[in-house]
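A short write-up of the structure that comes next.
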Amino acid sequence: MAAELTAHELTAQHRPTLDQALEAIRTRAYWSPHPEHPKAYGENGSLSMAEGKAAFDALLGSRLDLGQPGTDDWVGDETSPYGIELGVTYPHADVDVLLPAMRAGQRAWRDAGAEMRAMVCLEILKRIADRTHEFAHAVMHTSGQAFMMAFQAGGPHAQDRGLEAVAYAYVEQVRTPDTAEWTKPQGKRDPLAMTKQFTPVPRGIALVIGCNTFPTWNGYPGLFASLATGNAVLVKPHPRAVLPLALTVQVAREVLAEAGFDPNLVALAAERPGEGIAKTLAVRPEIRIIDYTGSTAFGDWLETHARQAQVYTEKAGVNTVIVESTDDYKGMLSNLAFSLSLYSGQMCTTPQNLLIPRDGIRTEEGTKSYDEVVADLARSVDELLGDDARANGLLGAIVNPDVKARLEAAAGLGEVALASREVGNAEFPDAVVRTPVIVKLDGARKYWEGADDEAAYMSECFGPVSFAVAVDSAGDAVELLRRTVREKGAMTVGAYTTDEIVEDAVREACLEECAQLSLNLTGGVYVNQTAAFSDFHGSGGNPAANAALCDGGFVANRFRVVEVRR
C-alpha cells in the first residue's frame with residue numbers, strides 16, 4: 001500500500017515533540033503539548049467548541065463502520081448518564097477472522113523500527129487532539145463526567161498519558177543498539193570477530209480492556225505502549241463507554257493506512273449485551289499482553305487465568321488520608337472538600353478513609369476536636385456544592401446504578417456527618433446527580449461490639465462515599481494506613497501534619513508498602529490528580545495495581561530483543 005505520510009514528513013513534524021517528551025520524563029518537570037483550555041482549539045485544523053459539539057451530534061444514531069475484517073453483526077447499547085440514548089452501533093467481530101488479520105501486519109510494523117512507530121503514534125495522538133472537543137462530548141456522555149472534566153481528563157490529560165507511554169517505549173527500545181561489532185582478543189591467534197544485530201520484537205496481540213469512568217485516560221497508556229513497541233492492539237471497550245475508544249480506533253486505523261501500514265494493527269472488539277467477551281479474548285493464545293482497569297475480582301481472574309499474556313492491572317484500593325495537624329485549616333478543608341466532590345468520587349484516586357485522632361488535631365486556630373473537624377469538613381463540602389450549577393460542574397453524573405446503590409447504603413453504616421442530596425440538572429433533567437456522603441466510624445470499634453465499622457472502612461466503596469474514622473493517635477493512624485495499603489491497596493495516600501516525626505512515619509509506611517504520597521495539599525493540586533510526565537499513577541507495588549502509569553516497567557516487557565550474530 002502506498003504511503004501518504006512519509007517517514008520524513010512524520011519525523012519533521014513529530015520528532016521535536018518526542019524529544020521534549022523524553023526530556024520531560026527525565027527531569028519530571030511540568031510540560032504538556034496539549035492545551036487544557038477549550039478556547040485554545042479551533043485553528044490549525046483542530047475543531048472548535050461548536051464544531052466538536054456538531055461532530056458529536058452527528059455521531060448519534062449512526063453506524064461507525066471501521067472497515068474491519070470479520071464483522072458479523074452491529075452492536076451498541078449506550079445510554080448517557082445524562083439521559084441521552086447515543087444510538088451508535090459498532091462492528092461486532094468474528095475473532096477467528098479478526099485476530100489472524102491483525103497478526104498479518106505485525107512484520108512490517110516490527111521492521112519499521114522504534115522511531116517510525118513512535119512517529120506514527122504521535123500522528124495518531126495529534127489527530128485525536130485536533131478532535132478534542134468531539135472526544136470530550138463522547139467521554140462526557142459515556143462516563144458521566146461534567147463537560148470540563150471530560151474535556152481535560154478525557155482530552156489533553158489522556159493524550160499526555162498516551163504520549164508519555166510512547167516516550168517510555170522509545171527509551172526502552174533504543175537502550176540496546178541496532179548493531180554491534182564484537183571483537184575478542186585471542187593472544188597470538190587472530191581475534192574472534194562477530195557482527196551482532198539486535199531487534200526489538202513484539203510479543204503479539206495486545207488486548208486493552210477499557211473502563212466505564214475514564215475510557216481514554218486509562219485506555220491510552222496501554223494502547224500506545226503496546227503499539228509503539230510493535231504489537232497489534234485489540235481494544236475491548238466497556239459496553240457503557242464504547243464511543244471514545246471506537247473513535248480512537250478509527251483515527252489509529254486511518255493514520256496507519258496513510259503511513260503505509262496495515263490498519264488492522266488496531267481494531268475494536270465491541271460486544272453484544274451480556275456477551276462478556278473479555279474472558280473469552282483474555283485466554284486466546286494470540287493475546288500476549290492485557291491492559292485492564294476495573295474491579296479487583298476480574299483483575300484477579302485475569303492475573304490467574306490469562307497465563308499466556310503479560311497482564312497489567314489497575315484494580316480497586318482503599319485510599320486514605322491522615323489528618324493529624326495543619327497550619328492552614330481552611331485550606332486543608334477546602335482541598336479535601338474538592339477532592340471528595342470531584343466527579344462524584346468516581347475516581348480510583350479519590351480519598352475514602354479520613355483518619356482523624358479522636359482527641360482532635362492541632363491547627364493555627366488552636367486544637368480542633370474530631371467532631372469539629374468532621375463538621376467543618378461537611379460544611380466545606382456543603383459550601384462548595386451549595387449552588388446547583390457549580391455542583392453539576394464538579395460532580396458530573398452518577399455513572400451507573402451500582403454507584404447510586406452504594407451511596408444510598410452508606411448512610412446506614414454509621415453516624416452521618418454529611419447527608420447526600422439530589423442535585424437537579426437543568427440541561428439534562430434525567431441525570432442522576434448526588435452530593436457526597438460523609439459517615440463517622442470508629443477505628444477502635446469491632447464487630448463484636450455491635451457495629452462492624454472495620455468491614456466498612458476496610459472495603460472500597462466506589463463513589464461519593466467517605467468515612468471519617470476516629471483513631472486513638474497519630475501512631476494508630478499510621479499503622480491503620482500501613483495495614484490498609486498492604487491488605488487492600490491504595491492508588492493514593494494523603495497526610496496533613498506539621499510534625500516531622502509523624503511525617504517521617506507516614507513517609508516510611510508509604511515507602512515500605514509502595515504507595516504514592518501527597519503531603520499537606522492546601523492549594524490547587526489535589527490528591528486525586530496526577531500529571532503526566534511527572535507524577536506516577538499507582539506504583540505497581542501494592543494490591544491496587546500491578547503497574548504504574550508510566551514507568552519503564554510498564555513498557556519494557558511488551559517486547560523482547562532478539563539477537564542475530566554472524
Side-chain angles (χ1 to χ4, degrees), residues 4-5 9-10 13-14 16-17 20-21 30-66 78 80-88 121-163 214-217 219-220 224 241-255 258 342-343 389-390 392-394 396-397 425-428 431 529 531-532:
E4 299 173 30
L5 293 170
E9 291 169 337
L10 288 168
Q13 182 172 3
H14 298 302
T17 302
Q20 287 178 290
Y30 170 76
W31 176 73
S32 172
H34 303 114
E36 288 184 318
H37 200 287
K39 292 183 179 179
Y41 298 80
E43 298 179 354
N44 301 318
S46 65
L47 297 181
S48 67
M49 189 178 299
E51 291 168 336
K53 177 63 163 61
F56 170 75
D57 288 342
L59 290 168
L60 300 179
S62 70
R63 173 176 286 185
L64 198 66
D65 190 347
L66 301 174
E78 292 160 293
S80 167
Y82 291 95
I84 297 172
E85 295 285 343
L86 300 191
V88 184
C121 287
L122 264 61
E123 177 66 18
I124 295 169
L125 284 164
K126 195 269 182 189
R127 294 197 191 182
I128 291 171
D130 286 344
R131 296 168 63 178
T132 292
H133 274 289
E134 178 186 359
F135 273 74
H137 287 283
V139 171
M140 173 184 177
H141 285 289
T142 51
S143 71
Q145 295 174 29
F147 176 77
M148 185 54 74
M149 185 174 185
F151 177 86
Q152 293 183 338
H157 297 171
Q159 295 151 20
D160 283 351
R161 283 296 185 193
L163 174 55
F214 289 89
T216 55
W217 198 100
Y220 283 5
F224 284 99
V242 182
L243 184 56
L245 290 177
L247 293 175
T248 301
V249 170
Q250 182 185 56
V251 173
R253 291 175 64 83
E254 289 171 355
V255 171
E258 290 179 29
L342 185 62
Y343 184 32
R390 184 178 185 189
N392 275 292
L394 284 174
N425 188 311
E427 185 178 2
F428 301 104
Q529 296 174 322

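Values below: all heavy atoms of this structure, side chains included; hydrogens, waters and symmetry mates excluded.
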Sequence neighbours excluded and cut-off under 3.5 Å, please list the side-chain donor-acceptor pairs for residues 54-65, or say none.
from  : atom 1 : to    : atom 2 : distance (Å)
Asp57 : OD1    : Lys53 : NZ     : 3.0
Asp57 : OD2    : Lys53 : NZ     : 2.9
Ser62 : OG     : Leu59 : O      : 2.5
Asp65 : OD1    : Gly67 : N      : 2.9

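Contact record, Ala136 with Phe147: CB-CE1, 3.8 Å, taken as the closest heavy-atom pair. Across all non-hydrogen atoms, the minimal contact from Ala129 to His34 is CB-CD2, 3.9 Å. Residues Thr216 and Pro244 approach most closely at CG2-CB, 3.9 Å, considering heavy atoms. Among all heavy-atom pairs drawn from Gly45 and Asp130, the shortest one is O-CB, 3.9 Å.
Every residue meeting the ring-ring contact (aromatic ring centres under 6.0 Å, His included) condition with Tyr82, not counting sequence neighbours, appears here in chain and number order: His141, Phe428.
Counting heavy atoms from C-beta outward, His14 and Cys121 have side chains that stay 4.5 Å or more apart. At a threshold of 4.5 Å between non-hydrogen side-chain atoms, the residues Phe151 and Glu36 do not count as touching. In this structure, Glu258 and Glu123 have side chains that are not in contact, with every pair of non-hydrogen atoms separated by 4.5 Å or more. Side chains of Val251 and Leu247 form no contact here, defined as non-hydrogen atoms less than 4.5 Å apart. Using a 4.5 Å heavy-atom threshold, the side chains of Asp160 and Pro33 count as touching. Side-chain contact check for Gln529 versus Gln152: every heavy-atom pair is 4.5 Å or farther apart. Using a 4.5 Å heavy-atom threshold, the side chains of Val249 and Leu245 count as separate. Proximity of Tyr220 to Thr248: side-chain heavy atoms (C-beta onward) are separated by under 4.5 Å at one or more points.
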side-chain contact (heavy atoms from CB on, under 4.5 Å) evaluation trace for Leu163 with Leu122
CA-CA 7 Å; Leu163 174 55; Leu122 264 61; 3.5 Å; yes

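In this structure, Gln159 CD and Ser32 OG are separated by 8.5 Å, a value rounded to the nearest 0.5 Å. The CD atom of Glu134 sits 10.0 Å away from the OG1 atom of Thr132 when rounded to the nearest 0.5 Å. Annotation: the span from Ile128 atom CD1 to Arg131 atom CZ amounts to 8.5 Å, rounded to 0.5 Å. Rounded to the nearest 0.5 angstrom, Leu5 CG and Glu254 CD are separated by 11.0 Å.
Residue pairs that meet the salt bridge (charged side-chain N to carboxylate O under 4.0 Å, His left out) test with at least one member in residues 142-157, sequence neighbours left out, do not exist here.
No donor-acceptor contact under 3.5 angstrom links the side chains of Glu51 and His133, judged on distance only.
Here the side chain of Arg127 pairs no donor or acceptor atom with the backbone of Val255 at under 3.5 angstrom. A distance-only check finds no donor-acceptor pair linking the side chain of Ser143 to the backbone of Phe214 [under 3.5 Å]. Remark: the backbone N or O of Pro35 is paired with a side-chain donor or acceptor of Tyr41 at under 3.5 angstrom. In this structure, the side chain of Glu78 does not engage the main chain of Thr142 through any donor-acceptor pair within 3.5 Å.
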